[in-house]
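Written below as structure tokens is the structure these notes are about.
Protein chains get the first letters and strands the later ones, always in sequence-line order, with residue 1 at the start of each.
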Amino acid sequence: MLRYFAQRFIFMIITLLFVSVVIFIVIELPPGDYAERYAYRKLASAGQDVTEQDMINVRHEFGLDKPAPVRYFNWITDIILHGDFGESFLFNVPVRNMIGDRIWLTMALASTAILLTYALAIPIGIFSALYRHSFGDYLATFIGYIGLSLPNFMLALVLLYFSVTVLGSSAGGLFSEEFAEAAWSWPRVVDLLEHLWVPAVVLGTANTAFHLQTMRATMLDELNQLYVDAARARGIPEWKVIFKYPVRIALNPIVSYLGFDLGKLVAGAPVVALVLSLPDAGQLLLQALLQQDMFLGGAILLMISTMIVIGVFISDLMLAALDPRIRLGET
Amino acid sequence: MDIGTEQIDWDTLLEVQDLKVSFKTDEGIILAVNGISFSVQRGQTLGIVGESGSGKSVSTKAIMQLLPRTAVVDKNSSITWHRENGETVEITQLKKGGREMRRIRGGEIGMIFQEPMSSFSPVHTIGNQIIEAVLAHRQVSKQEAREIAIDMLDKVGISNPSVRVDQYSFELSGGMRQRAMIAVTLSMNPSLLIADEPTTSLDVTIQAQILELMNQLREEFNMAVIFITHNLGVIAQVADEVAVMYLGQILERGTAKEIINQPQHPYTQSLLKAIPRLDHLGKRLTAIGGDIPSPLERPGGCPFHTRCEQAISGVCDTQIPTLTPISNTHTVHCFLYE
Amino acid sequence: MTATTIPKGKRTAATLPPDEEKLKYFTARQWQLVWWRFRRNRLGLLGAGILIIYIFVLIFAEFLAPYGGTTLDSEYVLGPPQVARFWDENGFSLRPFVYSVTTERDPVTLAMIPTIDNSKRRYLQFFVRTKEYKYWNGNLIASDLHFFGVDEGTIHLFGTDSLGRDILSRTMYATRTSLTLGVVGVLIAFVIGLVMGGMAGYLGGQVDFFIQRLIELIRSVPDIPLFMGLAAALPKEWPPEKVYLMITLILGFLGWTTLARRIRGKLLSLRKEDYVIAAQLAGGSNARIIARHMLPAFTSYIIVDIVVYFPYMILAETALSFVGLGLRPPVISWGVLLQGAQNIQAIELAPWLFIPVIFVVFAVLGFTFLGDGLRDAADPYN
Ligand SMILES: Nc1ncnc2c1ncn2[C@@H]1O[C@H](COP(=O)(O)OP(=O)(O)OP(=O)(O)O)[C@@H](O)[C@H]1O
Ligand SMILES: [Mg+2]
């Protein structure tokens, strides 16, 4: 167990390093460097001409004249040691201040979507497998197919339209007007929860459909296993047989997917944020990327990725707790 | 069922009459078991032999009501279970997962399967599954159940049982797993044990050990056993009585001695010719010619006539042979003896 | 021989075709078996049918579309779909017709108001010769034959967008763009996946370990944000064709891991199969064993994986282009078409702008059905 833990932990650290390098490359990818854009923005907007010397100064100031590995090292140590992600030139403020609690809103959104996914996919998947070829099973399969094939921005628009025409209120945003700029308080949390479900449904639908299919398929596999009949042959009540054995085992793949789920949901966030105008990190990421504000975009990417990598680590541990075959190194 | 009752002495445990099981599949209806009858006496071992697909597993699963939903048991079939206290239960009339059926499953009829590998849940310990079984059938505390579990593991010859009880099935070897499976079953104290090819997937030395263990435990617990195998050689070691099955029918029945020494049905004879024997070392072994017909295209007449060397054309392929007694205990379905 | 070795009747029984085919059945090759099983899967056939229609549209877009992708109709801006009918109060017509319509801007609300002229019928003409086009973006023969048109004026069965472009025509061109992007992307992913997975699975040992870890690494990096980051890094001044190429490359390069894993797993299990071991014992060379014995058993699985991968490509392209990080106008793709419909006003004012979504959904469904059907046929016990 300890060995497994250490293994996964080291792997997590390596992954984080890898991710940070990739993101650093992405940040540096656009043609022209930060200095040029900075200089043009700062000086040209003030009506001054940009001279060669200005460029050199700016380069030196930001350490851009150093080789790439050094630049990476400076970038990442600033982040780890000082929480300094650089400056957004889109807004001329430190990236750190820009992101604020948007990243937590995104995580709250993703977590809600995951809970929703589990709450729907697991019971429906079990039902579908137990009552295979029933009307309910076909219905679930059908809805699952639709859920998988409908782009989620479309779903967002449909829900939005529905909420405006039928419910008479806009489902966009994460807060009501009076709470939008307010400080955190209990009523604000409640208000957030009231708004959260629409984006959570939008984000979670495809994933729910996916897990529903997985759950159904693994359940069907497991129900045919000999140990299920063996348990029945011991006179165990049917519901207990089902829940103690196949259901328990069919949960393993779902748990092992937690990290990737998080990834998929966060990945969909920018698109949904755009349609539903959510004030979360996804929306900021999109804005930053569209404007090639790479420090801001890179910072958000890095935060999101870090959370996902940690999520993968946690799901690895949970899986080990659930499945002795993994815990004891039997794969 | 009033026909059979006169012959049954008080010692009969299980009485199967005219059992018919079919499966509804996309390709059509598969008649897996076609009207078989047999009975098991207290403390005796009934061996059921037959090639793959002859319906051995399906008939025993019918007894335990473990058949999948696609299976249909004919209305006229009867499976009667005689309790120690004289009560009789008609199993076919019981609700599948009902309380009465659950009492029989495990507590009165135990079952072990062909593959010890997959008869245990991979994510629960051996002990967990034994304790679960004990608690389901005996009025004991969890702690006592655990002691029973350890005790049982010891009895089936697993060393260091107090450690093994907390291990998972994948930590045990194949032979050990089958021993553990026997421990699970015996911990519920059944009066009939159904062993569906319990040794097929084990290697030969382990097979012998398990057979030995089963023989010994059967005496100790005074259980009746239904022992399923497709190896007549194994049957000779364990069974008192033998039923030979082919394509869902019993072709020949008799004591183990009679079946081994005076096989009557050509099918039994050819099964015997296919076993290597010490006293016939010089001779060639002969496999049974021809293929087992697809279960979808059951031959008319005697089911074996398509592969039978002594088939009488015009008779065997059109009419169904009736039951012919050879001796008090020995019967055969074959036109050669009618 | 003991009775033990008589083959199980159980397995084949479940899939046995009728009598006359029986002999063929036992001597059939893998792909024939797959085809026989597939033929009986209704959803799979439906998927195949849908995709055939798409391929037809993809190939013959110029011919099927009544107008060019950028043709403007200033008479009919943001106009609703015109309905083709066979009869009205003025009587029945064998030849379908639409009414003559124009739109005008409401001076107050600025919305475009269509006016339908019920008295003027425009009859549909088939195989009309109108505007000339160069087939396949001017790379092949030129022609002016269109599948249909109207005798006078214009016809917009799916309506028009805010510039007066015909949505039906644009959807057809978009189908070509989005599907070819998918094909190329999947092909890239497949080639890389085959090489990496093939090396890992066949060579094993150190190589396997290294590739495995690499795959795990790449899979832990969240993909769409990474797509977005990479796509955002593309220079703004690049021509659309170059962007198109890069987006395809990005999607392809990041997608190979799933395929590589599947190929590796399959190869590993195949390596243990009796007939492969037999071939090895008989002294076959590595290349020969892979080509003669492993690949045939393998192709059907690979095809399934490829088919299943398409929806992912399509949806990724649609999402990226939708938010403005993927393909850009004047390239016409499903995602680009939907850019015009990002907000709720679009649903209220011009819901027909969403018609392309139906094409996306059906494409994804088609691939999913086909993939599921093929998988069941290739691997009935899994
Ligand atoms: N679930 C099922 N659906 C359809 N047919 C089945 C099913 N289970 C068994 N059968 C059919 O019933 C027949 C008897 O099967 P059974 O498992 O009883 O054979 P067996 O004698 O136990 O063989 P083996 O030695 O292989 O275990 C076979 O022809 C098989 O095809
Ligand atoms: Mg069997």
Side-chain angles (χ1 to χ4, degrees), chain A residues 1 4 126-137 215 218-256 316-331, chain B residues 57 60-61 63-70 95-125 128-138 166-171 177 181 184-185 187-188 190 193-194 196 201:
Chain A
M1 182 70 199
Y4 177 81
I126 295 173
F127 171 88
S128 268
L130 290 181
Y131 299 93
R132 188 146 75 123
H133 301 319
S134 68
F135 175 74
D137 178 30
M215 188 74 198
T218 18
M219 273 299 285
L220 285 177
D221 273 358
E222 295 300 327
L223 281 172
N224 281 326
Q225 297 289 328
L226 193 52
Y227 64 80
V228 178
D229 264 350
R232 288 194 184 116
R234 274 178 247 139
I236 313 298
E238 184 67 16
W239 64 268
K240 195 174 169 196
V241 171
I242 303 279
F243 281 90
K244 179 171 174 188
Y245 299 103
V247 169
R248 163 79 160 63
I249 294 176
L251 286 182
N252 286 358
I254 295 210
V255 167
S256 73
D316 280 346
L317 294 192
M318 278 167 59
L319 188 63
L322 267 181
D323 193 336
R325 285 169 295 185
I326 288 173
R327 188 164 65 233
L328 301 171
E330 181 97 357
T331 35
Chain B
S57 301
T60 46
K61 279 188 182 160
I63 298 172
M64 294 292 266
Q65 292 223 28
L66 285 178
L67 289 169
R69 246 178 291 174
T70 48
K95 235 180 85 203
K96 229 180 180 180
R99 181 183 298 270
E100 195 67 4
M101 193 60 226
R102 292 207 313 270
R103 189 174 144 198
I104 295 178
R105 283 180 182 170
E108 297 174 3
I109 307 179
M111 188 157 183
I112 54 183
F113 299 90
Q114 182 168 350
E115 288 157 49
M117 177 72 185
S118 37
S119 338
F120 283 105
S121 152
V123 300
H124 295 90
T125 59
N128 177 311
Q129 287 162 87
I130 305 185
I131 293 169
E132 175 195 60
V134 172
L135 289 177
H137 294 284
R138 297 210 218 163
D166 291 322
Q167 290 194 324
Y168 296 91
S169 64
F170 57 82
E171 297 176 86
R177 273 182 215 143
M181 196 65 219
V184 176
T185 315
S187 68
M188 296 172 280
L193 174 67
I194 299 176
D196 189 351
S201 62

Working to the nearest 0.5 Å, report the span between OH of A/Y131 and CZ of B/R69.
-> 7.5 Å
How about residues 106-113 of chain B versus chain A: which residues have heavy atoms under 4.5 Å apart?
-> B/G106, B/I109, B/M111, B/F113
Any residue meeting side-chain contact (heavy atoms from CB on, under 4.5 Å) with A/L322, in chain and number order, not counting sequence neighbours = A/R248, A/N252, A/V255
So, for B/V123 and A/R325, which heavy atoms are closest and what is the spacing to 0.1 Å?
-> CG1-NH2, 3.9 Å
Let me know if B/M181 has heavy atoms under 4.5 Å from chain A in its side chain, its backbone, both or neither.
-> side chain
With rounding to the nearest 0.5 Å, note down the distance linking CG in A/N224 to OG in B/S118.
-> 11.5 Å
Distance in Å, B/I130 CD1 paired with A/R234 CZ, rounded so as to fall on 0.5 Å steps = 9.0 Å
Per-residue tally against chain B (heavy atom, under 4.5 Å) across A/A231, A/A233, A/A230 peaks at A/A233
To the nearest 0.5 Å, tell me how far A/K244 NZ sits from B/H124 NE2.
-> 5.0 Å
Non-neighbouring partners of B/H137 that pass side-chain hydrogen bond (donor to acceptor under 3.5 Å, both in side chains), sequence neighbours left out = none
Toward chain B, the part of A/I249 with a non-hydrogen atom under 4.5 Å | side chain
Using non-hydrogen atoms and a 4.5 Å limit, figure out which bit of B/E132 sits close to chain A: side chain, backbone, both or neither.
-> both
Pick from B/M188, B/K96, B/M64, B/Q129 with the largest number of heavy-atom pairs that fall under 4.5 Å of chain A = B/Q129
Please state whether the side chain, the backbone, both or neither of B/F120 comes within less than 4.5 Å of a heavy atom of chain A.
-> backbone
Contact list for residues 111-123 of chain B, test salt bridge (charged side-chain N to carboxylate O under 4.0 Å, His left out), sequence neighbours left out = none
In terms of heavy-atom pairs under 4.5 Å, which option from B/A136, B/P122, B/A133 contacts chain A the most?
-> B/P122
Under 4.5 Å from any heavy atom of chain A - which part of B/N128 | both
